Amino acid sequence: MSYRSLAFELFPFLPPLFVSEEQRLLHVRYEHYTSTMAEERRPKQCTVVLPTESMKAMAESIGVGQLQEESCAALSEEVSYRIKEIAQDALKFMHHGKRCKLTTSDIDYALKLKNVEPLYGFQSQEFIPFRFASGGGRELHFYEEKEVDLSDIINTPLPRVPLDVSLKAHWLSIEGVQPAIPENPPPAPKEQQKTESTEPLKAVKPGQEEEGSTQKGQGATSAEAKGKKDGLMRMKPRSTHELSVEQQLYYKEITEACVGSCEAKRAEALQSIATDPGLYQMLPRFSTFISEGVRVNVVQNNLALLIYLMRMVKALMDNPTLYLEKYLHELIPAVVTCIVSKQLCLRPDVDNHWALRDFAARLMAQSCKTFSTTTNNIQSRITKTFTKVYNNCWLDDKTQWTTRYGCIAGLSELGPDVIKTLILPRLTVEGARIKAVSDGPVVSNIDKIGADHVQNLLLKHCASVIAKACPLPDNVEQYRADYGYLGPMLCSHVVKARAQAALQAQQVNRTTLTITQPRPTLTVSQSGIGGSGGSRTPSIIKVPSSLTLMSTRPGTPTQPSPPATKYIVMATSSGSSSTQQVLWTASIRKISRTLKLSSSAVANSAVDMMKLALMRTATGKGDPELPLDKFSIRNCSPNKCLTEFK
Amino acid sequence: MAAVQDGQLNMEVEKDIKTEITNDGSGNINANSSSPGSTSSGGKSKSPAGSGEDQQTLLAVLQFLKRNKLTESVDILRREAGLSADADDSPVSDSAGAGSGGVPNVSADGGDANSLLSRVSIATPVAPPATAPPKATGSMASGGEDQPDVNVVLSAYSQQGDPVLYPLYYNGLKKFIESVLDCHRAELSQVFYPLFVHMYLELVYNNHENEAKQFFEKFSGDQECYYEEDLRILSSMSKKEHMKGNETMLDFRTSKFVLRISRDSYQLLKRHLQERQNNQIWNIIQEHLYIDIFDGMPRSKSQIDAMSGSLAGEGKRDANKAKVFYGLLKEPEIEVPLDDEDEEAENEEGKPKKKKPKKDSMGSKSKKQDPNAPQQTRIPLPELKDSDKLDKIMNMKEATKKIRLSPDNLPSICFYSFLNAYQGLTAVDFTDDSSLIAGGFADSTVRVWSVTPKKLRRVKSAADLSNIDKESDDVLERIMDEKTASESKILYGHSGPVYGISFSPDRNYLLSSSEDGTVRLWSLQTFTCLVGYKGHNYPVWDTQFSPYGYYFISGGHDRVARLWATDHYQPLRMFAGHLADITCTLFHPNSNYVATGSADRTIRLWDVLTGNCVRILTGHKGPIHSLAFSPNGKFMASGATDGRVLLWDVGHGLMVGELKGHSDTIYALKFSRDGEILASGSMDNTVKLWDTLKAFDDVELDDFTAATGHIHLPENSQELLLGTYMTKSTPVIHLHFTRRNLLLAAGAYNP
């Protein structure tokens, strides 16, 4: 009895099985590799056979009813064997296709090898959208084919044509050292940065070749690398913080763009900070830049620059390749300053410094979430700081509304628990104080605005917490009794919050009902291309682009480092921002910048230039035109290439 | 030469019936090991073993031929199988004329080299063009309902014992081996795997399905982990019907598993089995295993592990005894009016002084004949054209500017990323002078890029060409069509993914091999397809030009490597012997030998002149995906899916090094121009550099190890690793050293 032909007949009905078989096989392969590493673990041999029910189901689908149990068993064994055979052949095609993912076309080719008609209609790039359904004790995988309205297809605009294959060259290594460019993976992965900062002794062990090579990539001099190879025991790795000319240029461009007046440039710079993988080495400079910047600008009440700096902090935190923990001691004070400072702008009655406080408070909450550990206790320390300030202003009526606002914002961003324990109990007092300002004799416009903002803030944050915590119904009197002056307003907010929550719940319910299966589309899939799109939309309000100047003092990095004059220092100017003066200082700045750069970077750049020149001669004529020029340009604006490279 | 001829004929037939009957495994090995001199008509090399099984195979083949009315072939086969075996004179055209596969059988006697080509040119007009019949018959035979022929082959399993006793037998042997002295245990443990497989197959063949399953479950865990791949195939076979179509296991059945065991250990085993009257196991050992006995110390576990792992055991010792002329051919002396003035003007003073002695030394080196080199005319090589000479001069000039690499002076790596390739990049090649790069894609296209500012231009059409003044000096410029200048060109023609790609050394041609079973030759002057070489009926995994051009090698799923010349549409040589797909092919730098790596986890080296297999190298634990010869031709490196690079001494046929470090398939290997550094590129997105000078120095080769091949591999991968360079999710699939020792790497960015 030959089941073989029938087995092949059944192939078209097997896609789901194929998929699972593929995965299993690939899984086993993976196990195989790990097992050869470990030499001990053994993957289980698989003697999986398809269930006879599937045979029945498939036979029914081609019009063969009432298949006997025995035939089913025989068939399922045969089919399982054939599937395995074909999956094994398909793996060959995968290997020769230099992929590690089996595709449907691999299976088609494997079938072709066996002189079997391939399966048509499963040409999906990524995955086959099988649906699963169960019911009546049966489980089914099926391929859902929806009716497609042709007119829809005709009317939809054409998708973008996928980009053509192109060739791009970059330096993977220059004389054994891997340059830190966006085309290469980040020189120091986040884990390594972490071990370096937490366990500096462990990070570089002599004799660890793997580690050594990546270390070399970080620009350690070759002499050091050699020293390591000799197995010299070194107590602690001396971290050098030399930046190459390109990196200096990059730093200059980025910092200038971040605090400059052109918003488009800033967005680009911030995106670069948020995505560029090679910023690791510049992190100390950035953090000093930010902390010093905040220090100076708070004194000068320069709201715009503070906002820019906070956006830089945000961008740094967004960068997945950076390990910020080392620099929190500089960043957190800066952020906290922006939350609770008495005055952040020149005209507190007009400028919207509240938004900055909100933004910084959110930043604070985010960093608490990401960096708080049992050893550094950031969250509790921050909470304590806020409460202390808050307590002070609670005791002291004279505390500025701004500071009060900052504390409350900072605390409430930390989560509902904090609100519940620290803010709710004080609502009454706070309400009384607000009442005093709004009802009492007109003290000053500033106070009034401040009180207003505090009130709105309290209502916003507390309402949602109360809505969750307190039982229905919402009784105005009860609220008044509990929370004093703010009670009635709070009550109405709570009611609103509840209504909104109910609405959202409904929406959630509805979405679960919709089928999340992707529509069968005729569009050419464009997976993997297209950059990360446009610039990030600035998450805080636009500030009047006042022509102000950033003023920093020469940064003093935490580690012993090359003279700070190497880095671009902008001319200091007094806080008053008369336009004329600004213009004047701007030109001064330009001159001083060029001077500084040329004088400081000379030593370094000369070396680098020589290297490049050497390489040019080495790789010169006969070799393909190597992208030397592009290489140096690329370092200046990595985000441009990033979009290209993504 | 009769032996080879016979082997090839068998192979041909075997291909017809799609490897159902694989005699070639054992047959060819025998043939190869016959004698390196090879001209002597030593009669049937397999005559001692020609009893029983071989006889049956022959009968099966005869039967098949008869059924397909290939009477002439039957006659020839009869005659050859006869004891006289004096088939030296049987005309080649005769067999080709019989249409048995339509492949010109040009095995020819090797002594006089010129016959290689002349014979082909005689043979080809007579032979019918290579057409469909192989495939047609193949599908017919394999798709047929019952196959008496195959049953004949398999019938060796029909003798059976009590299925219940199998586990007992196996267990008994296991206990015995575990109890012997330590020094013998490792050696005897080698028996487990082949024994296990054969016992399992016997059970399956005799329809003891449940017993087979139990047997498998009980003992499969004991096998070495590198056999896991095969065990999986084995485990899926649970019925007699499955055995018919399964090529891998048929190979296992028909080719003897080779074990190397010291005499002492073997005696021990023999005595044990005889004492116990354990005939079942003894039969299997006698029938299906080839035990290569050597005198001397038993090998250690690590020594055995280093060499084992292939589908059919280790290569026999005498399989690697043939002399291999691994030296390089003498470079033709080119009288170059080296315009020294020019160079001096180019360079600063001081440099030319240095250069002169260097040039002299190079000249003297090329004048001296390498004792290990083959005769200059052993293989007819194409005449050098003027353009080739110019290129050689360029090459020499560049070579003087070459960077000397060393562990302290690592090469720079320039990485060419293919963007937007959508997972479709399957093959890459660079020209030797690194001016062009070509990529083969899964969408059947071949694309060529120019990486120099010089754009790619097509030759003008015939009509336009006739208008050109042929006497003008810049005629070569004029024939190019400026309008077609572009940075890249696309070549359409294949109907399946392009898995192999290779530039000719003179940059005029490009070869590509594809899933559609063809190898295509493209002109890089007109950017059109010139020839489609048909012969492989299954996917062709790799193809490679000879370093001297003209010849090329291809290998694929049909397990046969074919040697072609560009001006013949049929192969000049067919190298059969691998037990699974040929996954990669490579020419030796002197073009006299061809190396093939296979999914059966062996590497074979073939002599282009005689068609013999002169080396079988075992030791990899997974399909081999990359090969590289050192520039001096003495060493070879190979990389496989197991993530290890193995280094081989071609002359001795020995493994001389193992480089561990990669975690995934190694798709690219390349020696630097002076051979000091080996670069390896892998699926794990890294390029690694290895210190090969040290690797080759560290190995001490005394006479004993050279004679026995039992080598202690030093565990020094970490010391030899000079650098690891991660790419950004870009698997490295090709590597190339420019003439100045800059390393170029290529791969598709895979977000």
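Small disclaimer: the values here were computed from a predicted structure and weren't measured. Heavy atoms only: backbone and side chains are in, while hydrogens, waters and symmetry mates are out. Below, chain A is the first sequence line, B the second, and so on; all start at residue 1.
If you measure heavy-atom distances from Val498(B) to chain A, you find no contacts under 4.5 Å at all. Residue contact with chain A, scored on non-hydrogen atoms closer than 4.5 Å, is absent for Leu689(B). For Pro497(B), the parts lying under 4.5 angstrom from a heavy atom of chain A are both the backbone and the side chain. Proximity to chain A is limited to the side chain of Met683(B), based on heavy atoms less than 4.5 angstrom apart. Contact of Ser488(B) with chain A is not made at all, since no heavy-atom distance falls under 4.5 Å. Neither the backbone nor the side chain of Phe430(B) comes within contact range of chain A; no heavy atom of the residue lies under 4.5 Å from a heavy atom of that chain.
By the 6.0 Å contact criterion, CD on Glu487(B) is open, its count of non-hydrogen atoms from other residues, nucleotides or ligands being 12 or less.
No donor-acceptor pair closer than 3.5 Å links the side chain of Tyr749(B) to the backbone N or O of Lys168(A). Remark: side-chain polar atoms of Tyr725(B) are not paired, donor with acceptor, to backbone N or O of Asn184(A) under 3.5 angstrom. Of the possible polar contacts, one joining the Ser412(B) side chain to the Glu175(A) backbone as a donor-acceptor pair under 3.5 Å is found.
Here the closest non-hydrogen pair linking Asp164(A) and Asn420(B) is O-ND2, 3.1 Å. Minimum interatomic distance between Pro411(B) and Ser173(A) (heavy atoms only, all atoms of both residues): O-OG, 3.7 Å. What you find for Lys92(A) and His557(B) is that their closest heavy atoms are NZ-CE1, 3.6 Å.
Between His96(A) and Tyr499(B), the two ring planes are perpendicular [angle over 60°; tilted spans 30° to 60°].
Between Trp541(B) and Phe93(A), the gap from one ring centroid to the other is short of 6.0 Å.
For the atom pair Ser166(A) OG and Arg447(B) CZ, the distance stands at 10.0 Å (nearest 0.5 Å). From Lys98(A), atom NZ reaches atom CG of Leu425(B) across 8.0 Å, with rounding to the nearest 0.5 Å. Atom SG of Cys100(A) sits about 7.0 Å away from atom CG of Asn750(B), to the nearest 0.5 Å. Atom-to-atom distance recorded for Ser417(B):OG and His170(A):NE2 is 5.0 Å, nearest 0.5 angstrom. Here Leu167(A) contributes atom CG and Phe418(B) contributes atom CZ; the two are 5.0 Å apart, rounded to the nearest 0.5 Å.
Contact tally against chain A (heavy-atom pairs below 4.5 Å) for Gly661(B), Pro539(B), Pro731(B): the top residue is Pro539(B). The greatest number of non-hydrogen atom pairs below 4.5 Å with chain A, out of Glu515(B), Glu719(B), Lys454(B), is found for Glu515(B).
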(request) List the steps, then state whether side-chain contact (heavy atoms from CB on, under 4.5 Å) holds for Ile413(B) with Trp171(A). (result) CA-CA 6 Å; Ile413(B) 308 173; Trp171(A) 290 105; 5.9 Å; no
(message) The test is side-chain contact (heavy atoms from CB on, under 4.5 Å); show your working for His625(B) and His95(A) and say whether it passes.
(response) CA-CA 9 Å; His625(B) 275 275; His95(A) 275 302; 3.9 Å; yes
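Under the side-chain contact (heavy atoms from CB on, under 4.5 Å) test applied with Leu172(A), the options Thr727(B), Leu743(B), Val732(B) reduce to a single match, Thr727(B).
Using a 4.0 Å cut-off between charged side-chain N and carboxylate O, Asp516(B) and Lys112(A) make no salt bridge.
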